[in-house]
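Structure in structure tokens, see below.
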Amino acid sequence: MFPPELAEQTDTAPWVSKASPYPGDRSMITGVMDDDISKIMPVRHLIVVLGDQLDRDSAAFDGIDLRRDVVWMCEAREESTRVPVSRPRIAMFLAAMRHFRDELQAEGLRLIYRSLDARCPSLAAALRVDIERLAPARVVVVEPGEWHLREAIRELGSTVELRADRHFLCSHETFAKHAKGRKQLRMEFFYREMRRAHGVLLDAEGEPEGGEWNYDALNRKSFGRDGPSKLTMPAPRAFRPDALTRQVIAEVNAEFADHPGALADFDWPVTRKQALAALTDFIEHRLAAFGDHQDAMWSGEPWLFHSRIAAAMNLKLLRPLEVVRAAEREYRAGRAPLAAVEGFIRQVLGWREYVRGVYWLHMPGYLERNALGASEPLPAFFWTGETPMRCLADCVGQTLRYGYAHHIQRLMVTGLFCLMLGVDPREVHRWYLAVYVDAVEWVELPNTLGMSQYADGGVMASKPYVATGRYIERMSNYCGSCRYDPTKAVGDKACPFTTLYWDFLRRHELTLRANPRMGLQLRNLERLSAAERKAIQAQAETLRASLRTRSPT
Ligand code: FAD
Ligand code: SF4
């Protein structure tokens with residue numbers, strides 16, 4: 001089927017037309033304008049490369065015939081406009097895609113690249129048009145990282161060959177086998193299986209290095225009063241935009257002027273070469289202190305000891321096993337402590353693969369889950385960072401500026417606030433998917449809807465992660481400059497986190513009673529008098545009413 005809005009714009013049936021079906025299109029076929037597809041006919045395989053599959057070793061290229069096959073890429077505008085995707089995220093994807101396109105061209109591959117100018121209605125619709133025009137014997141696609149896109153591509157017909165994404169270390173089948181018969185999934189057990197399966201951090205007997213699987217108890221310190229020392233925390237390597245990235249930045253600023261976020265500080269790695277340099281920089285300069293400060297936060301310090309490689313891995317500029325092996329090598333060479341290396345490897349080999357398994361096991365229904373019946377709108381300040389709450393102003397502010405926040409900022413500041421306020425999990429999901437440079441649905445959704453919002457009722461997390469403002473006070477310096485007091489739940493100076501914490505326990509008391517892991521928190525709730533509960537409820541309701549302006553999603 002040809003999209004009706006495009007059919008109207010062409011004189012002849014598009015599948016026999018040699019002209020581009022997209023007016024104003026500056027898309028390219030092997031470096032020339034798409035004005036004559038006969039130059040590439042006939043096409044044996046149309047090899048589709050999605051925006052997060054930028055790896056020349058991808059299964060998509062297996063068996064490629066350089067003379068008869070054509071690579072197809074598309075900058076689908078709807079990917080950025082379904083929700084107002086932030087400018088850093090759009091620029092990250094476009095810059096990486098265009099660099100990859102140029103690498104393929106330099107290698108002499110035949111390529112159709114549908115750029116933003118083509119104004120393709122959607123990726124699947126654009127692909128359908130080109131399949132009809134080119135009539136390839138086969139359309140080769142590596143499985144997308146989003147359930148709905150996979151379905152849309154499957155619907156393109158029997159010529160489509162979906163290949164498994166070997167970038168991941170656990171296949172759907174292996175994860176399903178792991179999940180089979182288990183009443184409850186837990187990352188820790190999955191992680192041990194992954195360590196054994198891939199021979200990571202094992203001793204000569206095949207047992208966990210150092211005798212323990214997990215050294216979390218030694219990690220996760222705060223910085224203390226003085227904060228992180230600039231001497232021991234070198235700034236991560238920055239990648240100044242080259243001409244191509246600068247062009248992308250200008251285009252994004254012009255085309256998506258009303259989208260949130262800024263690009264003045266854009267310095268992400270956008271090629272495999274840069275991504276490898278970013279990995280080396282992390283391994284050499286920050287890995288050794290990663291574990292200690294994994295959960296700590298400090299205002300104006302977005303990176304701390306984190307790796308900044310999630311986007312590169314998710315776009316497939318880096319391979320997870322090379323990341324894991326690089327970290328393990330550092331431990332074996334005696335340059336990084338076991339606790340730091342194990343803590344980092346657990347994130348990549350454990351959490352990253354685990355959330356992907358959960359996503360594919362539970363989609364498509366997972367997207368609709370709302371176990372706590374949350375229905376509040378997302379507060380408007382999530383799109384501006386303008387709030388007197390210092391922790392949220394800092395975390396949202398850096399998110400819009402860089403497209404980045406580290407795990408605890410996402411889980412225990414922005415996520416925690418939404419959970420306790422009772423924001424509709426679909427709105428929370430749309431925000432996280434829109435604002436981070438590393439956001440792709442397979443990893444974002446289980447983290448947001450499951451781990452941070454408990455909307456899946458306990459698939460990802462064994463209990464809701466809730467805490468008062470005291471947690472943020474302990475792990476950061478945000479509260480010191482805030483007009484609120486994290487110890488207070490009611491009154492003018494009451495910290496909204498502390499108010500909402502008690503109100504969350506009060507509102508969900510009955511449901512949470514079934515969960516033994518919530519016992520201690522509920523016993524503390526019982527100590528509150530009826531008058532205290534009433535005052536907390538009133539304060540929480542006033543807060544909710546004041547934040548109830550629907551956000552632009
Ligand atoms: P580091 O802190 O240096 O960690 C190293 C690597 O481990 C990361 O690059 C990442 O690949 C992996 N990792 C760590 N934690 C997780 C996790 N919970 N799940 C999967 N992988 C993990 N990560 C994404 O890649 N994309 C997302 O869209 C995303 N959305 C999130 C939403 C919420 C609500 C939460 C709580 C977490 C989310 N995460 C997401 C996980 C994590 O926050 C980011 O991977 C991390 O902050 C990226 O920064 P970094 O590369 O400096 O990671
Ligand atoms: Fe955030 Fe409350 Fe601390 Fe203010 S007092 S920074 S709102 S936790």
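Model, not experiment: these values are computed from the prediction. First listed ligand is number 1; within each ligand, the first listed atom is number 1.
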Taking ring-ring contact (aromatic ring centres under 6.0 Å, His included) as the cut-off, I'd like each qualifying pair that reaches into residues 485-504, sequence neighbours left out, listed once. Phe417-Phe497, Phe504-His508

Check ligand 1 against Ala405 and write out every atom of the ligand that is under 4.0 Å from a heavy-atom position of the residue. 47 (O)

Among Leu449, Asp438, Asn447, Val348, whose heavy atom sits nearest atom 33 (C) of ligand 1?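 Minimum heavy-atom distance to atom 33 (C) of ligand 1 goes to Asn447.
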
Assess the residue pair Trp442 and Tyr359 against the criterion (ring-ring contact (aromatic ring centres under 6.0 Å, His included)); give the C-alpha distance rounded to whole Å, side-chain angles, the decisive distance to 0.1 Å, and a yes or no. CA-CA 6 Å; Trp442 64 264; Tyr359 177 82; 8.0 Å; no

Hey, are Lys221 and Asp292 close enough for a salt bridge, meaning a charged N less than 4.0 Å from a carboxylate O? yes

Cationic tip of Arg356 above Phe168 ring, under 6.0 Å, 45° of axis: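 Yes; both conditions hold, so Arg356 lies above the ring face of Phe168.
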
Residue that, paired with Gln347, satisfies side chain to side chain contact (heavy atoms under 4.5 Å, CB included) out of His407, Arg352, Gln294: Gln294

Of the listed options (Arg410, Glu444, Arg308, Arg89), which comes nearest to atom 40 (C) of ligand 1 when hydrogens are ignored and any heavy atom counts? Arg410

So, 4.0 Å and heavy atoms of Ala311: is ligand 1 close enough to count as a contact? no

Are the ring centres of Trp303 and Tyr402 closer than 6.0 Å?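 Here the rings of Tyr402 and Trp303 have centres that are less than 6.0 Å from each other.
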
Quick test of your reading of the model: are Arg335 and Glu284 salt-bridged, counting only N-O distances below 4.0 Å?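 So Arg335 does not pair with Glu284 through a salt bridge.
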
Among Gln347, Met412, Glu353, Arg286, which residue places a heavy atom closest to atom 22 (C) of ligand 1?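 Ranked by closest heavy atom to atom 22 (C) of ligand 1, first place is Gln347.
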
Check: Tyr404/Thr399 side-chain N/O donor and acceptor closer than 3.5 Å: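 Not at all, the side chains of Tyr404 and Thr399 share no donor-acceptor pair under 3.5 Å.
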
Is it true that Tyr436 lies under 4.0 Å from ligand 1, counting heavy atoms only? no

Does only the side chain of Phe290 get under 4.0 Å from ligand 1, or the backbone, or both, or neither? Count heavy atoms.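 For Phe290, the contact with ligand 1 is made by the side chain alone.
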
Under 4.0 Å from a heavy atom of Met451: give me the atoms of ligand 1 that qualify, with their elements. 18 (N)

Counting each atom of ligand 1 from 1 as listed, which ones have a heavy atom of Met313 under 4.0 Å away?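 Heavy-atom distances to Met313 below 4.0 Å select 9 (O), 11 (O).
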
Pro144: what forms a side chain to side chain contact (heavy atoms under 4.5 Å, CB included) with it, not counting sequence neighbours? Leu50, Leu149, Arg150, Ile153, Leu162

Is it true that Lys316 and Glu322 have a side-chain N and a carboxylate O under 4.0 angstrom from each other? no

Any salt bridge between Asp503 and Arg544, counting N to O under 4.0 Å? yes

Enumerate the atoms of ligand 1 whose separation from the nearest heavy atom of Tyr432 is less than 4.0 angstrom. 32 (C), 34 (C)

So, using side chain to side chain contact (heavy atoms under 4.5 Å, CB included) as the criterion, who are the partners of Val490 when residues are at least two apart?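 For Val490, the residues satisfying side chain to side chain contact (heavy atoms under 4.5 Å, CB included) (neighbours in sequence not counted) are Ala535, Ile536, Gln539.
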
Honestly, for Leu433 the part within reach of ligand 1 (heavy atoms, under 4.0 Å) is neither

Within ligand 1, which atoms have a heavy atom of His406 less than 4.0 Å away?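 Close to His406: 47 (O).
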
Looking at ligand 1, is there an atom of it that comes within less than 4.0 Å of some heavy atom belonging to Tyr404? yes

Would you kindly check if the NZ (Lys) or CZ (Arg) of Arg410 is within the cone defined by 45 degrees around the ring axis of Tyr436 and under 6.0 Å from the six-membered ring centre?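 Yes, Arg410 sits over the ring of Tyr436.
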
Work out whether the distance between some heavy atom of Phe344 and some atom of ligand 1 is less than 4.0 Å.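 Contact check Phe344 vs ligand 1: positive.
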
List-wise, which protein N, O or S atoms are found short of 2.8 Å from atom 1 (Fe) of ligand 2?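 The answer is Cys391 SG.
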
